[in-house]
Peer 1: 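Take this structure, written in structure tokens, and hold onto it; I'll ask about it next.
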Amino acid sequence: PVHGPQNVNVVDVRARQLTIQWETFGYAVTRCHSYNLTVQYQYVFNQQEFVAEELIQTSSHYTLRGLRPFVTVRLRLVLANPEGSKESEEIVKQTEEDVPGSVPMESLQNTPYEEKIFMQWKAPNETNGVITLYEPPWGRGRDGAAMEETEDETWARGESEETNYWIKGNIWVRSKRIKAGPAQSLLSYSYEDG
């Protein structure tokens, strides 16, 4: 080929996909009626590098699917004919955040004390973005539930008088999303003391 794909742009970014577009090319660029166009891309997720290459069958746009949320993707297009290949410039884009995974049930620990209750849990295995807060509901006696926010994986509630706490419902895990507003997932659980 005379040169690699030109004017390559990412035109749509979502949590699990990127759509790329480029300038179409003809025989003057490919110098051959038989050529291939591929996209090579890579990203790191959970400290593991993922590298892939996909053959493109369309003329001026393509959607990479099955990506992970909130990862930095490095990609380039490669135009090849039997005589050789030429690459486009590398493009670096970050996929959007998505709904966080739920808190691992096995990590949830409740520790009741005379005057308070303490809860602890691990962050979701798949945060899919930046976790901004957790909301465990709680109640005293048989009163209605209240929501209380915490920015980390611990929560404590206590009163100076005798308590009879119950915790039942969901830990809402919220994340900050740049375009679509907050996203949330939950872990359902139940604990009653007294």
Side-chain angles (χ1 to χ4, degrees), residues 1-27 29-30 32-81 84-107 121-135 151-153 170-188:
V2 176
H3 54 73
Q6 295 186 325
N7 298 319
V8 179
N9 294 302
V10 174
V11 294
D12 186 35
V13 178
R14 298 190 184 186
R16 298 176 189 271
Q17 69 183 40
L18 296 174
T19 300
I20 50 180
Q21 181 175 296
W22 58 92
E23 187 177 295
T24 58
F25 34 81
Y27 185 82
V29 173
T30 64
C32 190
H33 290 290
S34 175
Y35 65 90
N36 288 328
L37 181 62
T38 57
V39 59
Q40 298 173 343
Y41 62 99
Q42 65 184 47
Y43 60 88
V44 176
F45 177 71
N46 279 346
Q47 300 174 348
Q48 290 184 322
E49 185 176 26
F50 180 83
V51 178
E53 181 176 87
E54 295 180 19
L55 181 64
I56 297 175
Q57 303 286 342
T58 60
S59 62
S60 64
H61 67 280
Y62 185 74
T63 301
L64 286 172
R65 300 180 193 282
L67 302 173
R68 300 300 311 181
F70 204 60
V71 295
T72 300
V73 180
R74 305 175 85 76
L75 65 91
R76 70 178 67 236
L77 297 180
V78 179
L79 178 61
N81 66 22
S85 65
K86 297 280 183 164
E87 298 179 343
S88 69
E89 296 287 322
E90 182 178 70
I91 295 177
V92 178
K93 283 288 182 183
Q94 183 169 331
T95 54
E96 290 185 351
E97 294 178 290
D98 202 358
V99 176
S102 45
V103 171
M105 185 64 150
E106 64 277 1
S107 75
W121 56 87
K122 289 184 180 175
N125 293 330
E126 295 184 15
T127 59
N128 296 333
V130 178
I131 301 295
T132 55
L133 77 112
Y134 298 88
E135 294 181 331
E151 293 180 4
D152 59 21
E153 292 80 28
N170 307 306
I171 294 178
W172 290 98
V173 184
R174 294 186 191 255
S175 68
K176 174 185 76 180
R177 293 175 73 188
I178 297 165
K179 287 186 178 178
Q184 61 189 19
S185 68
L186 61 97
L187 166 69
S188 295

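Being a predicted model, the structure only gives us computed values, none of them experimental.
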Peer 1: Under 3.5 Å, side-chain donor or acceptor atoms of residues 65-81 against the rest of the protein: list the pairs with distances, not counting sequence neighbours.
Peer 2:
unit_1 : atom_1 : unit_2 : atom_2 : d
R65    : NH1    : Q17    : OE1    : 3.0
R68    : NH2    : E126   : OE1    : 2.6
R68    : NH2    : E126   : OE2    : 3.4
R74    : NH2    : E90    : OE1    : 3.1
R76    : NH1    : E87    : OE1    : 3.1
R76    : NH1    : S88    : O      : 3.4
N81    : OD1    : E83    : N      : 2.8
N81    : OD1    : G84    : N      : 3.1
N81    : ND2    : T30    : O      : 2.8

Peer 1: Would you check if Q21 and T19 make a side-chain contact, meaning some heavy-atom pair closer than 4.5 Å?
Peer 2: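 No, every pair of side-chain atoms sits at 4.5 Å or beyond.
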
Peer 1: At their closest point, which heavy atom of P5 faces which heavy atom of K86, and how far apart are they?
Peer 2: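 Taking P5 first and K86 second, the nearest heavy atoms are CD-O, 3.9 Å.
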
Peer 1: Looking at OG1 of T24 and CD of Q6, how far apart are the two atoms once the value is rounded to the nearest 0.5 Å?
Peer 2: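 Answer for the OG1-CD pair, T24 versus Q6, is 11.0 Å.
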
Peer 1: Enter the distance from Q57:CD to N36:CG here, rounded to the nearest 0.5 Å.
Peer 2: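 Reported value, rounded in 0.5 Å steps: 8.0 Å.
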
Peer 1: Working to the nearest 0.5 Å, report the span between CG of L37 and OG of S85.
Peer 2: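 Taking CG in L37 and OG in S85, the distance rounds to 11.5 Å.
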
Peer 1: Taking atom NE2 of H61 as the centre, report whether more than 12 heavy atoms of other residues, nucleotides or ligands fall under 6.0 Å from it.
Peer 2: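 Not more than 12 within 6.0 Å, no.
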
Peer 1: What's the shortest heavy-atom distance between V13 and V10, and which atoms?
Peer 2: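 Reported closest heavy-atom pair: CG2-CG1, 3.6 Å.
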
Peer 1: Taking everything shown except E53 itself, do over 12 heavy atoms lie less than 6.0 Å from its CD?
Peer 2: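 Count over threshold, so yes.
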
Peer 1: State the CD-CG distance between E96 and D12, to the nearest 0.5 angstrom.
Peer 2: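 It comes to 8.0 Å.
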
Peer 1: Any donor and acceptor pair, going by atom type alone, linking the side chain of W22 with main-chain N or O of Y62 inside 3.5 Å?
Peer 2: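 Looks like no, no N/O pair under 3.5 Å.
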
Peer 1: At their closest point, which heavy atom of R14 faces which heavy atom of T95, and how far apart are they?
Peer 2: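 Taking R14 first and T95 second, the nearest heavy atoms are O-CB, 3.5 Å.
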
Peer 1: Take I20 and V11 through the test side chain to side chain contact (heavy atoms under 4.5 Å, CB included) and record every step on the way to the result.
Peer 2: CA-CA 6 Å; I20 50 180; V11 294; over 6 Å; no

Peer 1: Applying side chain to side chain contact (heavy atoms under 4.5 Å, CB included) to F25 and V2, what does each step give before you reach the verdict?
Peer 2: CA-CA 10 Å; F25 34 81; V2 176; over 6 Å; no

Peer 1: Could you go through the side chain to side chain contact (heavy atoms under 4.5 Å, CB included) check for N128 and V99 one step at a time?
Peer 2: CA-CA 6 Å; N128 296 333; V99 176; 5.9 Å; no

Peer 1: Checking Y43 now: which residues fulfil ring pair (Phe, Tyr, Trp, His ring centres under 6.0 Å) with it, not counting sequence neighbours?
Peer 2: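 Partners of Y43 under the ring pair (Phe, Tyr, Trp, His ring centres under 6.0 Å) test: F50.
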
Peer 1: Determine whether Y41 and L64 satisfy the following criterion, side chain to side chain contact (heavy atoms under 4.5 Å, CB included), listing intermediate values before the conclusion.
Peer 2: CA-CA 9 Å; Y41 62 99; L64 286 172; 3.3 Å; yes

